[in-house]
Number of protein chains: 2
Amino acid sequence: MGRKREFDEEAVLAGAMMAFRRHGYAGLSVIELEAATQISAGSLYNAYGDKEGLYRAVFDFYFRKVIDPRIGAAQTLDDLEKVAIDLFNPPFSDGLGCLVTNAAVEFRNSAGTGGHFAGRGLDIIEAAALRAVRADMGDGNEPAALRIVLLYQGMLVLTRAGRLSNAYKDAVRAEFDRLRRQAKSTFPAIREQNAKGD
Amino acid sequence: MGRKREFDEEAVLAGAMMAFRRHGYAGLSVIELEAATQISAGSLYNAYGDKEGLYRAVFDFYFRKVIDPRIGAAQTLDDLEKVAIDLFNPPFSDGLGCLVTNAAVEFRNSAGTGGHFAGRGLDIIEAAALRAVRADMGDGNEPAALRIVLLYQGMLVLTRAGRLSNAYKDAVRAEFDRLRRQAKSTFPAIREQNAKGD
DNA sequence: CTAGTTTTAGTATGGACATTCTAGAATGGA
DNA sequence: TCCATTCTAGAATGTCCATACTAAAACTAG
């Protein structure tokens, strides 16, 4: 019933995702979205209702493809360190930052769609940090987890400013090294116990 | 020669500063600027040329009133800790974040006026962190300074998202405590030497 | 006093933008 | 093979925006 959709939805969302990461929401026009997605505004409106609907779909896509598998799935300090250090490697070194961080700054205080998704993303990041710290260091080190959240968000700000030099890579690595050292010395049993699980 | 300016320039810049902090550059219309500054668009254009000229003037004002005295003048870890912890206290707890951080995210990669000022602000913040760490901890601890920069920028992202809870305050304080402890134990002479200076 | 200059408020303008409309093309069930 | 439905491209629309313009008001040098 009805004509088949001609465009590849994943490709459209991927293109729009790059464009929203680069320009933000307000800074990206529908005309630019036509170029980024290679489909006409008519099709965009037919498929997603309006610009905000596309933004929502892009955010869902971003959670599904980037946040959930990378951060939502992180269980250990090593996993989180990889997430952070990957900001220095392709494809994450493109300088466009994270849709979540960018939206948190663009849409203040959880207002509207952008703020809602930003909040959801920060929930996931916070939860991952707490999970990893508890797994590797035991309870009572929640402040270390929150500092990881702050470090990571700070990295994304500097990324966006084109200022995330290799000196920052060393600084972040050193922090994870320190946490792991502290984990081993203070709670030597915990990592062993983790290793046994599953 | 000519009519006197009726408005108080500092008040206009202060009002525009709040509005730009709240809404960003693109997200703030000239009509909203009329309300925020209490002067008409005609006067704004006469005084500042265009919207970008006003933005530049606001940024200069922000450096002069906020960045330079608070961060540019910071010499020690204590000074920097105060800057960070003040994000939890009025007037800095208004949730609007820092013009520098917001501009760094809005204007990617130092592009244009916003990026230029963001870069200048980040220069000052980085320099202050390095100065404080060197003063209190001696050379060789530059990574600690960069982590302070990241923590601070991360705090500003969470502020903007309305998520900078008191738990983060403790986490940040604990980090500064740790740095001071490390400073004392590793370089006991340095703080004494500092105290003598001047 | 007044001529010249700057400031002010308000209106006008031209462009950009999100969105809607239109007409035709593709699809699949009856 | 139609026919209802969905999709697509592009043109049309109305709104909002930054900025330019206008005329009056206020000020100062001479």
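All values below come from the heavy atoms of this structure, side chains included, with hydrogens, waters and symmetry mates left out.
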Strictly distance-based, threshold 3.5 Å: is any side-chain N or O of Asp79(B) a donor or acceptor partner for the main-chain N or O of Thr76(B)? yes

Would you be so kind as to tabulate the donor-acceptor pairs closer than 3.5 Å made by side chains of residues 118-126 of chain B, with sequence neighbours excluded?
residue	atom	partner	partner atom	Å
Asp123(B)	OD1	Arg163(A)	NH2	2.2
Glu126(B)	OE2	Tyr168(A)	OH	2.6

Rounded interatomic separation in angstrom, taking OH from Tyr48(A) and C1' from dT19(C): 17 Å

Which nucleotides of nucleotides 2-14 of chain C have their base under 4.0 Å from a protein heavy atom (B), which only their sugar-phosphate (S), and which neither (-), written as one string 5' to 3'? --BBBBBBB----

NA contact type, Leu33(A), heavy-atom cut-off 4.0 Å: base, sugar-phosphate, or nothing? nothing

Taking any atom closer than 4.0 angstrom to a non-hydrogen atom of chain B, what span of DNA chain D does the protein reach, first nucleotide to last? dC17(D) to dT28(D)

Any chance you could lay out the salt bridge (charged side-chain N to carboxylate O under 4.0 Å, His left out) test for Arg70(B) and Asp86(B), step after step, and finish with the verdict? CA-CA 10 Å; Arg70(B) 296 182 54 75; Asp86(B) 269 351; 2.9 Å; yes

Show me the pairs that pass salt bridge (charged side-chain N to carboxylate O under 4.0 Å, His left out) and involve residues 19-45 of chain A, at least two apart or across chains. Arg21(A)-Asp94(A)

Tell me which donor-acceptor pairs under 3.5 Å the side chains of residues 146-155 of chain B have, and how far apart each pair is, sequence neighbours excluded?
residue	atom	partner	partner atom	Å
Arg147(B)	NH1	Ala171(A)	O	2.8
Gln153(B)	OE1	Thr101(B)	OG1	2.6

Hydrophobic cluster identity match, Phe7(B) and Tyr45(B), side-chain contacts under 4.5 Å: no

Do Arg160(A) and Glu106(B) sit within salt-bridge range, that is, some charged N less than 4.0 Å from a carboxylate O? no

Pair Tyr62(B), Phe117(B) - check side chain to side chain contact (heavy atoms under 4.5 Å, CB included), show working. CA-CA 10 Å; Tyr62(B) 189 70; Phe117(B) 279 106; over 6 Å; no

Quantify the bending of the helix from dC1(C)-dG30(D) to dA30(C)-dT1(D) as the angle between its end axes, each fitted on five pairs, to 10°. 0°

Could you tell me how the ring of Tyr25(A) sits relative to the ring of Phe20(A): parallel (under 30°), tilted (30 to 60°) or perpendicular (over 60°)? parallel

Within the distance-only criterion (no hydrogens, no angle test), does the side chain of Lys51(A) pair as donor or acceptor with the backbone N or O of Leu33(A) below 3.5 angstrom? no

